[in-house]
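For ligands, and for the atoms within them, numbers begin at 1 and follow the listed sequence.
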Amino acid sequence: MDTLRSPVISDAEETLDPIDWSNVRALSHRMIDDSIEYLRDVRLRPVWQEMPAGVKATFREPLPRFPMPLDDVYREVKENLMPFPMGNIHPRFWSWYMGSSNLTGALGDFLAAIQGSNLGGGNHAAASMDSQVVNWCKEMMGFPSSASGSLVSGGSMANLIALTVARNVKAGVDVREDGVGAIEKPLRFYASDQVHSCHRKAIEALGLGNKALRRIHSDADLRIDVAALRAAIAEDRAAGCQPACVIATAGTVNTGAIDDLEALANLAVEEALWLHVDGCIGALLAISSANAYRVSGIARAYSVALDPHKWLHAPFEVGCVLIRDAAAHRGAFAVTQEYLESTSRGLASAEWLHEYGLQTTRGFRSLKVWMALKEHGVEKFGRLIDQNMAQAHYLSRLIKEAPLFELVAPTSINIVCFRYRPLGLETAALKALNIEIMLRLQEEGIAAVSDTTVHGEHCLRVAINNHRTRREDLDMLVAEILRLGALLTAGC
Ligand SMILES: Cc1ncc(COP(=O)(O)O)c(C=O)c1O
């Protein structure tokens with residue numbers, strides 16, 4: 001052996017484990033104590049605040065080359081990171097559409113990282129728990145136990161997985177082998193004009209092109225117009241296209257509108273189409289005893305995307321896709337490689353979970369969902385959904401009753417679209433005023449709301465997906481908008 005070329009074996013081999021476990025134990029306890037206070041006092045902090053220039057500069061520091069004590073590393077996190085969050089765990093965060101997380105879920109994420117399993121699959125407890133949480137999602141949606149599913153990064157990925165299966169099943173050719181170029185007639189997918197942007201990204205990524213996703217106009221309640229959908233399908237068939245899939249939305253991102261799922265399920269049967277439900281916002285209404293009827297028909301879908309990091313408030317990220325036909329699901333992704341073969345005993349003697357999606361290594365996402373569901377029980381999550389809906393209708397009433405406010409869309413679930421409307425302002429000035437109110441609410445740390453355009457009208461948008469919101473927060477929102485509105489129209 002060439003001794004000059006043999007690796008140098010030092011006496012002190014290195015590891016990332018701490019040299020002094022008792023030191024790190026004390027610091028870890030402090031991190032947990034700080035975290036609990038951080039969460040307990042969230043209401044006392046601003047919803048959002050701008051980072052000072054000095055803090056921003058720290059994020060441009062170059063790659064660290066030399067060690068730093070963990071105490072100092074943590075001090076930087078405490079000073080530069082923790083005070084400047086996005087804000088979605090705050091009781092007055094209602095922008096876009098997020099969940100507000102929970103302590104148990106955060107502890108679950110910590111324990112998942114400590115246990116460290118790779119959820120690509122295998123015969124171990126984390127993989128069994130992953131499958132159990134998917135089974136619980138099936139149960140919540142009323143899906144049969146024979147269906148398959150996968151925990152993914154969020155709703156966008158859940159929709160992409162489902163649309164991939166739908167494309168492959170409806171293509172009429174072996175898309176995996178021959179590619180989309182082999183499809184004889186151009187495939188057509190249908191959704192309302194309120195469909196979330198992730199579907200466009202998915203359709204484009206699937207090689208079908210944006211034109212393959214036909215947006216069907218929505219009615220006065222912003223639900224897909226089923227008659228217009230029928231007409232579009234007939235038109236496409238006549239033009240030599242292949243209608244493949246209807247994407248129903250259970251809870252649109254603009255206003256929370258829920259398409260008529262029963263009507264779409266009937267239409268899908270009649271037209272032999274795949275029915276996918278994007279339930280990222282509303283699918284979990286199925287666990288609310290008072291509001292489950294709003295998503296009646298969801299169990300008839302071929303696939304559903306739902307988002308535990310929204311109305312189950314799991315810390316980001318976790319979405320879930322369910323596919324009724326498990327063989328079609330596996331058939332869209334499974335690739336058996338010699339280095340990933342199953343065995344009859346031991347670690348590889350269980351199903352490979354990576355065969356149901358795009359990732360090979362998968363994070364241990366299920367523990368945070370599992371722990372919170374075990375702790376509270378599913379019925380409590382159903383009640384929290386009802387609570388958010390009651391709060392949204394409460395805000396709607398406040399808006400209707402207050403002078404100088406206008407509701408811009410019907411409030412169906414937990415999203416309220418409205419604007420501050422003093423007399424005599426034309427459209428552009430009204431939009432500028434409402435945007436300025438929104439920015440001042442953020443900059444003063446009062447509340448985070450976002451904006452959108454519904455039926456051509458610009459409006460502010462409050463999406464209450466938050467287990468910490470109280471009605472008094474909504475009273476405050478209305479009072480603060482009135483204050484800011486008066487201030488701004490007075491030219492301040
Ligand atoms: C209706 C709808 N679909 C899909 C998504 C995308 O979900 P995610 O942000 O979890 O990827 C969202 C996000 O808010 C949504 O509202």
Side-chain angles (χ1 to χ4, degrees), residues 86 88 93-101 105 137 141 149-164 166 189-206 213 215-216 218 222-224 245-259 261 264 275-286 294-295 298 301 303-322 357-359 363 365 368-369 385 388-389 392 409 412-417 448-454 461-466:
M86 176 167 235
N88 51 291
F93 184 98
W94 306 300
S95 286
W96 306 299
Y97 206 91
M98 314 234 172
S100 46
S101 195
C137 290
M141 291 304 114
S150 183
L151 298 181
V152 291
S153 55
S156 305
M157 190 53 74
N159 283 314
L160 172 63
I161 299 292
L163 298 188
T164 308
F189 287 56
Y190 305 87
S192 87
D193 53 15
Q194 300 297 304
V195 71
H196 191 270
S197 58
C198 69
H199 293 280
R200 173 178 178 166
K201 289 195 204 174
I203 293 287
E204 288 174 5
L206 290 175
L213 177 57
R215 280 76 164 178
I216 307 299
S218 47
L222 296 133
R223 294 149 48 108
I224 194 168
C245 170
V246 176
I247 302 167
T249 304
T252 60
V253 67
N254 268 336
T255 66
I258 299 173
D259 289 338
L261 303 183
L264 295 177
L275 175 65
H276 171 65
V277 176
D278 177 350
C280 290
I281 286 181
L284 283 159
L285 285 162
R294 293 174 189 270
V295 289
I298 200 165
S303 54
V304 173
L306 64 144
D307 237 358
H309 65 200
K310 292 191 168 74
W311 246 338
L312 291 185
H313 303 291
F316 301 136
E317 306 165 333
V318 54
C320 179
V321 58
L322 300 178
L358 290 163
Q359 291 179 251
R365 296 196 169 95
K368 57 191 166 196
V369 181
I385 288 171
N388 280 167
M389 293 195 29
S412 59
I413 51 172
N414 59 338
I415 300 178
V416 185
C417 292
V449 308
S450 54
D451 65 341
T452 190
T453 299
V454 179
R461 179 179 162 284
V462 169
I464 312 177
N465 193 291
N466 194 320

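- Residues Leu213 and Ile247 are in side-chain contact: their nearest non-hydrogen atoms beyond the backbone lie under 4.5 Å apart.
- Side chains of Leu358 and Thr164 form no contact here, defined as non-hydrogen atoms less than 4.5 Å apart.
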Residues His199, Asp278; criterion side chain to side chain donor-acceptor pair (under 3.5 Å); working and verdict: CA-CA 9 Å; His199 293 280; Asp278 177 350; 2.8 Å; yes

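- Nearest approach of Phe93 to Asn88, heavy atoms of both residues: CG-CA, 3.4 Å.
- Across Ile258, Val253, Asp307, a single residue satisfies side chain to side chain contact (heavy atoms under 4.5 Å, CB included) together with Ile281, and that is Val253.
- Sorted by first then second residue, the salt bridge (charged side-chain N to carboxylate O under 4.0 Å, His left out) pairs that include residues 152-161, not counting sequence neighbours, number zero.
- At a 4.0 Å heavy-atom cut-off, the residues surrounding ligand 1 are Tyr97, Gly154, Gly155, Ser156, Asn159, His196, Cys198, Gly251, Val253, Asp278, Cys280, Ile281, Asp307, His309, Lys310, listed by chain and number.
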